[in-house]
Asker: 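Handing you a structure now.
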Amino acid sequence: MIIYDALRSEFTADVYDNAIEEQILNAFRTHGHASTSKSEIESWRNSMMYMNNALLGAGIPDDAGVAIEYKVPQTSKRVDFICNPPRF
């Protein structure tokens, strides 16, 4: 299960609009989680700006996929951030 997924261009817009943590939290709730800690929300707010800068600096195309909070099947583990560039 992926909590948030979008194109890189949409992710960038959410970061620039200072809406990324709210988007992730809303998706988190949509997927059946009541809520999460304030520290995790703060972490999203702070770290997603840096992840966006890394993607832009690396020249990742607008149509690359971005996934946040991917739950690894059959475990309680989550991967914080995945970028899947389109195939050429």
Asker: Could you grab the distance from atom OG of Ser47 to atom CD of Glu42, nearest 0.5 Å is fine?
Answerer: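 It is 10.0 Å, given to the nearest 0.5 Å.
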
Asker: Quick check: do Met51 and Val66 have side-chain heavy atoms less than 4.5 Å from each other?
Answerer: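 Met51 does not reach Val66 side chain to side chain.
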
Asker: Take Ile68 and Met48 through the test side-chain contact (heavy atoms from CB on, under 4.5 Å) and record every step on the way to the result.
Answerer: CA-CA 10 Å; Ile68 299 172; Met48 293 305 130; 3.6 Å; yes

Asker: Do the side chains of Val72 and Ile2 join up, straight or via other hydrophobic residues, at under 4.5 Å, putting them in one cluster?
Answerer: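 Yes; Ile2 is reachable from Val72 via cluster members.
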
Asker: What donor-acceptor contacts under 3.5 angstrom involve side-chain atoms of residues 15-29, with partners at least two apart or in another chain?
Answerer:
unit_1: Glu21; atom_1: OE2; unit_2: Arg45; atom_2: NE; d: 3.1
unit_1: Asn26; atom_1: ND2; unit_2: Glu22; atom_2: O; d: 3.3

Asker: For residues Ile60 and Phe11, determine if any side-chain heavy atom of one lies less than 4.5 Å from a side-chain heavy atom of the other.
Answerer: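 Contact flag for Ile60/Phe11 side chains = no.
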
Asker: Do the side chains of Glu69 and Asp80 get nearer than 4.5 Å, heavy atoms only?
Answerer: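 The answer is yes, as the side chains (C-beta and beyond) meet within the 4.5 Å cut-off.
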
Asker: Say whether Tyr4 and Phe81 are linked into one hydrophobic cluster, either directly or through other cluster members, by side-chain heavy-atom distances under 4.5 angstrom.
Answerer: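 Per the 4.5 Å side-chain linkage, Tyr4 and Phe81 are co-clustered.
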
Asker: Under a 4.5 Å cut-off applied to non-hydrogen side-chain atoms, are Ile3 and Lys71 in contact?
Answerer: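 Ile3 vs Lys71: side chains apart.
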
Asker: Could you tell me which non-hydrogen atom of Leu7 sits nearest to which non-hydrogen atom of Asp62, and how far apart they are?
Answerer: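 Of all heavy-atom pairs spanning Leu7 and Asp62, the closest is CB-O, 3.6 Å.
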
